[in-house]
Amino acid sequence: RVDYNRVFKDRHEVTAMLLANRGNRTVNNELAYHSQGITGRFAYYYNQKYLMEFNCGYNGSENFAPGKRYGFFPAGSIGWVISEEPFMKKASWIDFLKVRASYGLVGSDNVSSRFPYLAFYGGGSGYHFGNNFGTEVGGTSEGNLANENLTWEKARKLNVGIDFTTLNQRLALTVDAFYEYRFDIITDMNGDGIMGYPDIVGKDAALQNLGEVSNRGVDVELSWNDKIGKDFRYWAGINLSYNQNEIIERKEAPQEYDYLYQKGHRIGSRKQYAFWRYYDEQTPALYEQTFHRPFPTHSVVLQDGDAVYVDLNGDRKIDENDMGYDYGFTDDPEYMIGLNLGFSWKNWEVNTQWTGAWNVSRMISDVFRQPFVSSAGSNAGGLLSYHLDHTWTPENPSQSAEYPRATQVNASNNYATSTLFEKDAKYLRLKTLQVAYNFQFPLMKKLGLTTCQLAFSGYNLLTFSPYLWGDPEATASNAPT
């Protein structure tokens with residue numbers, strides 16, 4: 001490693017760094033993992049007012065073939081501390097004001113198996129000669145197909161931000177807007193819905209650099225810290241994040257309708273039926289009035305209280321071609337919020353941290369969705385009292401019931417994956433609460449102690465959420481084993 005740092009005429013600061021690295025990592029008895037690369041950084045700051053920095057990396061990975069092994073990843077950033085300008089001196093209420101921007105290219109060599117550019121052969125099924133002679137000769141079979149053109153995943157990242165403090169540093173604001181475009185994403189061609197090889201080939205397709213995803217969002221942080229009198233200090237901080245992503249390309253198998261593609265939707269979007277209402281004698285006529293098309297046949301003979309789904313393609317029947325990705329949210333929230341509130345008085349200190357999220361959902365499954373069903377079998381689960389209280393029944397034929405008519409005969413229809421079982425998982429939670437007392441003993445200095453604190457802490461003490469089937473922060477949506 002080589003470092004350089006020098007200041008010219010008290011205004012021009014130049015720093016530089018050049019680092020070469022090479023790693024060898026051994027896991028159990030496997031062949032050692034190797035990586036190597038060169039990283040460089042150059043920065044120029046004029047009077048701590050105009051800021052410029054350039055970084056680059058030239059990295060090599062064993063996961064790619066020679067000629068595809070190395071990737072060059074540059075990045076640059078600029079900043080302007082506006083509060084240092086002479087024309088800002090009159091704005092004495094502004095303590096600090098800075099605008100900044102960065103843009104760069106990053107890479108990833110994360111693959112599901114090592115050396116995907118090499119073809120391997122291993123032991124396979126043997127061959128028998130003769131009839132009942134017990135003679136068998138071992139054979140050799142081809143492993144995964146290789147791709148010598150496989151190379152780094154890449155992402156272009158853009159970030160624009162502002163930092164601002166005022167009122168003698170009591171109020172601070174930071175805002176960041178970002179955009180990320182990922183491309184050459186290493187794609188498993190045997191994944192769900194991917195356009196891989198047909199079965200007649202006899203082998204799965206090799207990994208390919210085919211995926212594309214965009215990601216954009218905004219992060220905001222606002223904080224206040226002040227003091228009242230000599231002994232009382234209080235603080236409050238809030239951070240809000242918004243994130244939205246979209247699958248641009250996934251190389252999916254051809255589909256007849258656009259809503260059957262994950263392309264164009266958020267990562268993690270669910271393929272599901274659009275639930276409309278519970279069946280009754282008025283349902284066929286209401287359906288035709290609402291959608292202006294004939295009422296579709298379902299996979300079962302509908303009875304009162306059974307789930308009715310929307311015929312998306314208008315072919316008058318409900319099947320897999322009526323399951324789309326256009327509905328609901330995903331397991332990853334679009335909005336997240338954090339709140340920090342606290343105060344100190346003399347030697348006492350109280351601090352709370354709240355977290356929250358919305359535009360997020362969970363798809364409930366097994367016994368949470370269908371009575372008596374669990375991962376162990378269709379009759380191995382239990383019966384929740386919530387089912388008894390919120391299921392459609394002839395005595396309570398409510399269209400606002402949360403569950404359709406309980407049935408085993410029509411279970412394939414009533415408990416199919418649909419918007420009926422996608423539950424809102426937004427929440428607001430008191431994540432931590434701490435009450436502390438700071439002792440000040442005369443012997444602390446002699447003992448070499450700078451602080452001595454007794455604290456009582458609590459975690460997840462309060463949660464406000466419409467989601468009733470578990471922890472809204474966790475992605476689990478089925479019953480614990």
Side-chain angles (χ1 to χ4, degrees), residues 1-8 11-81 98-120 146-161 176 178-188 206-215:
R1 172 170 176 164
V2 179
D3 292 288
Y4 178 85
N5 191 336
R6 188 171 179 181
V7 178
F8 301 91
R11 293 192 176 195
H12 306 275
E13 182 180 355
V14 177
T15 65
M17 183 271 295
L18 183 64
L19 172 66
N21 63 84
R22 187 172 190 177
N24 295 291
R25 180 172 57 92
T26 303
V27 179
N28 298 325
N29 294 322
E30 296 180 10
L31 187 66
Y33 292 76
H34 302 284
S35 63
Q36 63 183 19
I38 299 176
T39 302
R41 180 176 63 85
F42 173 83
Y44 171 73
Y45 313 127
Y46 175 74
N47 207 24
Q48 292 300 314
K49 183 167 53 177
Y50 307 115
L51 316 173
M52 183 271 290
E53 187 170 312
F54 175 77
N55 298 272
C56 64
Y58 186 67
N59 301 318
S61 172
E62 65 171 19
N63 290 327
F64 309 122
K68 302 290 184 178
R69 184 162 291 170
Y70 287 89
F72 179 67
F73 307 107
S77 64
I78 56 174
W80 179 23
V81 184
K98 175 184 176 181
V99 292
R100 48 189 166 74
S102 64
Y103 181 80
L105 179 70
V106 298
S108 171
D109 65 341
N110 186 27
V111 295
S112 56
S113 59
R114 298 182 69 184
F115 313 121
Y117 63 93
L118 295 176
F120 294 94
N147 180 7
E148 294 183 349
N149 293 315
L150 195 70
T151 188
W152 292 80
E153 290 187 8
K154 305 175 188 69
R156 299 189 185 103
K157 295 189 175 186
L158 172 66
N159 183 281
V160 179
D176 283 279
F178 62 88
Y179 176 80
E180 178 186 32
Y181 170 64
R182 294 174 56 201
F183 61 102
D184 285 346
I185 297 175
I186 298 175
T187 304
D188 182 356
L207 298 175
Q208 304 283 345
N209 293 105
L210 297 176
E212 298 177 43
V213 172
S214 67
N215 184 29

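Just so we're clear, the structure is a prediction, and the values are computed from it rather than from any experiment. Residues take their numbers from the sequence shown, with the count starting at 1.
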- Task: Enumerate the residue pairs fulfilling salt bridge (charged side-chain N to carboxylate O under 4.0 Å, His left out) with a member in residues 71-81, sequence neighbours excluded, ordered by first and then second residue.
- Result: none

- Note on the structure: For Asn47, the side-chain hydrogen bond (donor to acceptor under 3.5 Å, both in side chains) test, sequence neighbours excluded, returns none

- Message: Using the ring-ring contact (aromatic ring centres under 6.0 Å, His included) criterion, which residues pair with Phe72? Sequence neighbours excluded.
- Response: none

- Message: Are more than 12 heavy atoms, taken from residues, nucleotides or ligands other than Glu180, located less than 6.0 Å from that residue's CD atom?
- Response: yes

- Task: Could you tell me which residues satisfy side-chain hydrogen bond (donor to acceptor under 3.5 Å, both in side chains) with Asn110, sequence neighbours excluded, listed by chain and number?
- Result: none

Do any side-chain atoms of residues 11-19 form donor-acceptor pairs under 3.5 angstrom with protein atoms, and if so which ones, sequence neighbours left out?
unit_1	atom_1	unit_2	atom_2	d
Arg11	NH1	Tyr46	OH	3.2
His12	ND1	Tyr44	OH	2.6
Glu13	OE1	Gln48	NE2	2.9
Thr15	OG1	Arg41	NH1	3.4

- Message: Can you list everything that forms a side-chain hydrogen bond (donor to acceptor under 3.5 Å, both in side chains) with Asp184? Sequence neighbours excluded, please.
- Response: Lys154

Please list, one pair per line, the donor and acceptor atoms closer than 3.5 Å that link side chains of residues 63-70 to other protein atoms, with sequence neighbours excluded.
unit_1	atom_1	unit_2	atom_2	d
Asn63	ND2	Asp109	O	3.0
Arg69	NE	Ser61	O	3.4
Arg69	NE	Phe64	O	2.8
Arg69	NH2	Phe64	O	2.9
Arg69	NH2	Tyr117	OH	3.0
Tyr70	OH	Gln36	NE2	2.4

- side chain to side chain contact (heavy atoms under 4.5 Å, CB included) involving Tyr181 - partner list, sequence neighbours excluded: Arg156, Tyr179, Phe183, Glu212, Ile248

- Message: Checking Tyr45 now: which residues fulfil ring-ring contact (aromatic ring centres under 6.0 Å, His included) with it, not counting sequence neighbours?
- Response: none

- Message: Pair Phe178, Lys157 - check side chain to side chain contact (heavy atoms under 4.5 Å, CB included), show working.
- Response: CA-CA 7 Å; Phe178 62 88; Lys157 295 189 175 186; over 6 Å; no

- Task: Not counting sequence neighbours, which residues clear side chain to side chain contact (heavy atoms under 4.5 Å, CB included) with Asn147? List them please.
- Result: Asn149, Leu150, Ala206, Gln208

- By side chain to side chain contact (heavy atoms under 4.5 Å, CB included), Val81 pairs with (sequence neighbours left out) Leu51, Ser83, Glu84, Phe96, Lys98

- Query: Any idea which heavy atoms bring Trp152 and Gly60 closest together, and the distance?
  - Reply: CZ2-C, 4.0 Å

- Any salt bridge (charged side-chain N to carboxylate O under 4.0 Å, His left out) pairs touching residues 47-56, not counting sequence neighbours? Lys49-Glu85

- Drop me the distance from Cys56's SG to Phe73's CZ, to the nearest 0.5 angstrom. 11.5 Å

- Item | Point-to-point distance, once rounded to the nearest 0.5 Å, from OG1 of Thr187 to CG of Leu207 | 8.5 Å

